Chemist: 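Here's a structure for you.
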Amino acid sequence: MLKINNLHVKLEAEDKAILKGVDLTIEPGTVHAIMGPNGSGKSTLSYVLSGRDGYVVTDGTATLEESDILDMEPEERAAAGLFLAFQYPVEIPGVGNMTFLRTAVNSQRKARGQDEMSAADFLKVIREKAKTLQIDADMLKRPVNVGFSGGEKKRNEILQMAMLEPKMCILDETDSGLDVDAMKLVSDGVNALRDAGRSFLVITHYQRLLDHIKPDVVHIMADGRIIKSGGPELALDVEQNGYADLLAEAEAQ
Amino acid sequence: MARAELTQDATEARIAALDLPKGGKWATSARNDALARFRAMGLPARRDEYWRYTRADALNQPTATEASLFDSRETMVFDKVDRLRIVFVDGVFDAAASDDLSLAGIEIERLATAAQADIHWAKDLYGVLETRGQTPVKRPFAALNSAFATDGVLIRVTGAAAKPVSLIYQRGSTQADAILHHVIKLEKGAEMTLLENGPAAARFNKVLEVDVADGARFHHIRAQGRDHERRAATHIFAQLGSESQFKSFTLTVNGILTRNEAVIEFTGDDAVAHVAGAAMGDGDFHHDDTVFVTHDAVNCESRQVYKKVLRNGAVGVFQGKILVKEGAQKTDGYQISQSLLLDGDSQFLAKPELEIYADDVACSHGSTSGAIDMDALYYLRSRGVPKKEATDLLVLSFLAEAVEEIEDEGLRDEIVGRLTGWLARRGG
Ligand SMILES: Nc1ncnc2c1ncn2[C@@H]1O[C@H](COP(=O)(O)OP(=O)(O)O)[C@@H](O)[C@H]1O
Ligand SMILES: [Mg+2]
């Protein structure tokens with residue numbers, strides 16, 4: 001599904017390398033998790049994959065189902081099936097949440113040569129999905145993320161993901177700022193989308209999210225590299241012992 | 001030659017190029033008074049503080065600069081709206097193209113005809129609000145208008161007008177220099193909606209005087225667009241009685257020179273006035289909103305909401321003032337003027353002013369200039385919305401606060417449709 005090869009990224013504004021050779025292969029239908037200390041480059045990886053300005057790829061490749069995504073515009077990556085649930089969802093005053101979602105869904109359909117979804121069909125689908133995420137009619141009407149609580153913003157990200165039905169979903173700290181109930185809602189939303197043709201990359205700080213969204217592979221990222229990969233037990237190890245031992249071990253190599 | 005003499009010469013040259021229309025007693029005296037006012041104040045000069053951001057040359061010169069006719073297959077705004085149509089071609093009423101001027105709840109007369117009558121209800125209004133609006137700031141083109149206006153409508157609203165009255169300004173010549181003057185009197189508790197659209201003339205000077213009596217409600221939606229080469233100076237003078245309501249929205253797209261002045265005065269308590277504008281310009285576009293709201297009554301609410309989208313060197317101007325006179329307690333005054341600059345070449349010049357002589361008031365004003373929010377743009381694009389459409393969506397959302405001042409949903413949709421069309425025609 002997603003194949004990242006020796007990815008090196010620096011900032012555009014200053015000569016500072018952030019990603020220093022990331023290698024990652026995610027097979028269709030699998031869930032990968034990335035954990036790592038603050039500032040290790042997890043968000044940067046998600047931004048570079050989704051096409052945010054401000055970063056320069058100095059080396060390496062990233063392909064989504066064999067197509068090179070690093071040369072694509074952000075909207076083309078989205079249409080190709082990539083989705084990023086933001087760590088900090090953006091507020092857009094003046095644009096209704098519903099309008100935003102309908103525009104997004106139809107833009108992607110158009111890009112793929114499909115017919116636009118009718119207003120009635122769209123309404124039916126969104127109501128159903130919003131309900132399972134406990135997003136009420138008011139939240140759909142309000143401007144995108146404006147005045148939303150932290151948890152509401154994260155639920156809204158998952159609603160977008162559910163509506164857009166991407167193949168490759170990247171979740172950047174979707175658990176941050178969520179209480180136990182909200183975490184359950186969000187995880188259920190994600191789990192409902194799991195299927196053989198869809199992959200997930202779950203970036204998180206805490207093991208607790210991984211109790212709900214069970215990963216197949218766990219990676220540890222530090223200083224712009226993946227320093228260790230393993231099974232779900234790696235996340236438990238981090239939870240109990242912290243990163244110190246892992247970092248020292250990587251240092252020693 | 002001294003500067004004052006230069007201005008005087010220009011003023012006399014401007015007067016000499018026009019004919020004072022003939023009419024009955026009331027009209028002749030109103031016009032003579034207006035001419036005297038105009039002479040006394042003279043045309044705006046470059047040093048004139050009130051014209052600091054807008055050059056009046058094209059409005060000052062004796063004749064209109066030619067403006068090519070605009071050919072568009074696009075339907076006109078408001079075409080789908082059920083309304084009473086009153087058509088002016090190059091500033092002259094066109095009876096054949098207009099609807100029958102009768103409508104329940106309303107009396108409509110042509111200025112050109114009414115001015116012939118010896119006695120007329122309009123005599124207490126024509127040029128009267130304009131005269132009041134000349135203090136403390138002079139507005140020479142409005143005085144010029146009252147003196148030389150050749151056509152227009154006089155409307156008296158006695159009940160709830162059955163449908164909107166729509167003034168449609170069409171063009172047939174490349175150099176028409178049109179001067180129109182409308183007077184609207186809403187009697188107690190009356191209500192009407194006035195629509196205005198169309199390019200009007202190569203040069204257009206228009207005055208609209210609106211007297212809103214106690215408890216009456218006036219809605220005004222105007223669309224200025226299409227002919228990029230037009231040069232226009234327009235004035236709205238409104239006076240509000242107690243518990244009355246006045247709402248005016250203007251959409252402006254294109255235009256080498258547009259100066260829209262709105263002069264609103266609260267004379268009765270508990271009244272509400274909202275004036276709003278959304279303007280979009282590209283290239284040699286110059287748009288000036290100059291607003292003056294005077295609170296001279298208790299517990300009135302005023303809102304000024306002006307938004308401008310500028311690109312490729314377009315210039316937007318906002319001069320807005322809230323004057324709260326002594327005793328105008330419980331005034332709620334709000335003013336916002338914002339520009340969205342789509343590139344580094346465009347310019348927004350704003351002069352927001354508050355002058356308050358009462359102590360128990362809540363007034364706020366703000367003015368900002370900004371670019372497209374790059375985070376929002378990226379967010380939209382990351383959801384699959386192409387850059388051009390994402391930008392357009394953000395432009396529309398920027399204008400939303402102004403557009404939302406239009407209460408009627410159907411009319412609001414008409415305006416949004418125009419905005420969307422304009423954006424679609426522009427490249428990315
Ligand atoms: N646009 C930026 N400007 C300056 N520094 C940045 C920028 N983006 C990322 N960084 C820096 O890159 C490093 C990695 O950041 P980030 O990817 O957000 O880490 P993580 O998500 O793992 O906490 C940090 O040191 C951060 O300060
Ligand atoms: Mg992060």
Side-chain angles (χ1 to χ4, degrees), chain A residues 12 46-55 69 72-97 99-112 114 143-146 153 156-157 159-161 163-166 169-170 172, chain B residues 249 251 276-280 305-309 336-340 342 366 368-406 409 412-413 415-417 419-420 423-424 427-428:
Chain A
E12 196 174 61
S46 69
Y47 287 146
V48 169
L49 291 174
S50 76
R52 187 186 184 138
D53 283 343
Y55 303 99
I69 54 168
M72 296 182 187
E73 298 293 339
E75 57 268 33
E76 293 169 337
R77 301 179 196 205
L82 186 82
F83 180 90
L84 167 63
F86 282 48
Q87 179 172 4
Y88 305 107
V90 179
E91 298 184 4
I92 315 181
V95 178
N97 209 11
T99 307
F100 164 69
L101 273 160
R102 202 173 50 233
T103 309
V105 167
N106 283 330
S107 295
Q108 293 203 12
R109 293 178 74 104
K110 215 166 125 192
R112 297 191 199 113
Q114 299 164 332
V144 180
N145 293 325
V146 177
K153 283 181 182 169
N156 200 36
E157 293 291 290
L159 174 65
Q160 293 167 41
M161 190 165 89
M163 289 303 294
L164 294 168
E165 301 184 321
C169 309
I170 305 173
D172 190 1
Chain B
F249 170 88
L251 167 74
M280 297 206 289
V305 183
Y306 286 86
K307 303 261 184 163
K308 295 176 171 60
V309 179
I336 185 124
S337 65
Q338 294 181 310
S339 75
L340 179 62
L342 295 182
T368 61
S369 255
I372 286 277
D373 178 343
M374 294 312 284
D375 286 337
L377 186 65
Y378 163 59
Y379 192 59
L380 283 162
R381 295 178 73 190
S382 79
R383 297 308 182 237
V385 185
K387 188 176 183 188
K388 167 80 169 74
E389 277 147 55
T391 307
D392 290 356
L393 200 58
L394 293 174
V395 167
L396 288 175
S397 75
F398 166 77
L399 295 172
E401 188 186 358
V403 175
E404 275 156 18
E405 286 293 334
I406 304 171
E409 207 177 311
R412 198 188 320 132
D413 288 347
I415 294 297
V416 171
L419 287 166
T420 314
L423 288 167

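Only this structure's heavy atoms are used, side chains among them; waters, hydrogens and symmetry mates stay out. Below, chains carry the letters A, B, ... as their sequence lines are ordered, and counting in each starts from 1. Please read all numbers here as calculations on a predicted model, not as lab measurements.
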Chemist: Quick check for you: among B/Val385, B/Leu394, B/Leu393, B/Leu399, which has the greatest number of heavy-atom pairs under 4.5 Å with chain A?
Modeler: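 The answer is B/Val385.
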
Chemist: Counting heavy atoms not belonging to A/Tyr88, are there more than 12 under 6.0 Å from its OH?
Modeler: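 Not buried by this count: 12 neighbours or fewer within 6.0 Å.
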
Chemist: Contact part of A/Val105 toward chain B, heavy-atom cut-off under 4.5 Å: side chain, backbone, both or neither?
Modeler: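 Neither the backbone nor the side chain of A/Val105 comes within 4.5 Å of chain B.
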
Chemist: If we only count heavy atoms from C-beta on, is the B/Arg383 to A/Gln160 side-chain gap below 4.5 Å?
Modeler: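 Side chain of B/Arg383 against side chain of A/Gln160, heavy atoms only: contact under 4.5 Å found.
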
Chemist: Where does A/Ile92 contact chain B at under 4.5 Å (heavy atoms): side chain, backbone, both or neither?
Modeler: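 The answer is the side chain of A/Ile92.
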
Chemist: Show me the pairs that pass salt bridge (Lys or Arg N to Asp or Glu O under 4.0 Å) and involve residues 390-403 of chain B, at least two apart or across chains.
Modeler: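 Counting only pairs at least two positions apart or across chains, the salt bridge (Lys or Arg N to Asp or Glu O under 4.0 Å) contacts touching residues 390-403 of chain B are B/Arg303-B/Glu401, B/Lys307-B/Glu401, B/Lys388-B/Asp392.
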
Chemist: Roughly how far, to the nearest 0.5 Å, is the CG atom of A/Asp53 from the CE atom of B/Met374?
Modeler: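 Reported to 0.5 Å precision, the distance equals 5.5 Å.
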
Chemist: With chain B as the partner, which of A/Met161, A/Arg77, A/Glu76, A/Glu73 has the greatest number of non-hydrogen pairs under 4.5 Å?
Modeler: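 When all of A/Met161, A/Arg77, A/Glu76, A/Glu73 are compared, A/Glu73 has the most.
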
Chemist: Where along residues 375-382 of chain B does a heavy atom come under 4.5 Å of chain A, listed by residue number?
Modeler: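 Hits under 4.5 Å: B/Asp375, B/Ala376, B/Tyr378, B/Tyr379, B/Leu380, B/Arg381, B/Ser382.
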
Chemist: Looking at A/Glu91, A/Gln108, A/Arg52, which makes the most heavy-atom pairs under 4.5 Å with chain B?
Modeler: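 Of the candidates given, the most pairs with chain B belong to A/Arg52.
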
Chemist: Above 12 or not: heavy atoms from other molecules or residues under 6.0 Å from CD of B/Glu409?
Modeler: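 12 or below, so no.
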
Chemist: For the candidates A/Ala78, A/Pro89, A/Pro74, which exhibits the highest count of non-hydrogen atom pairs separated by less than 4.5 Å from chain B?
Modeler: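 Looking at each option in turn, the highest pair count goes to A/Pro74.
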
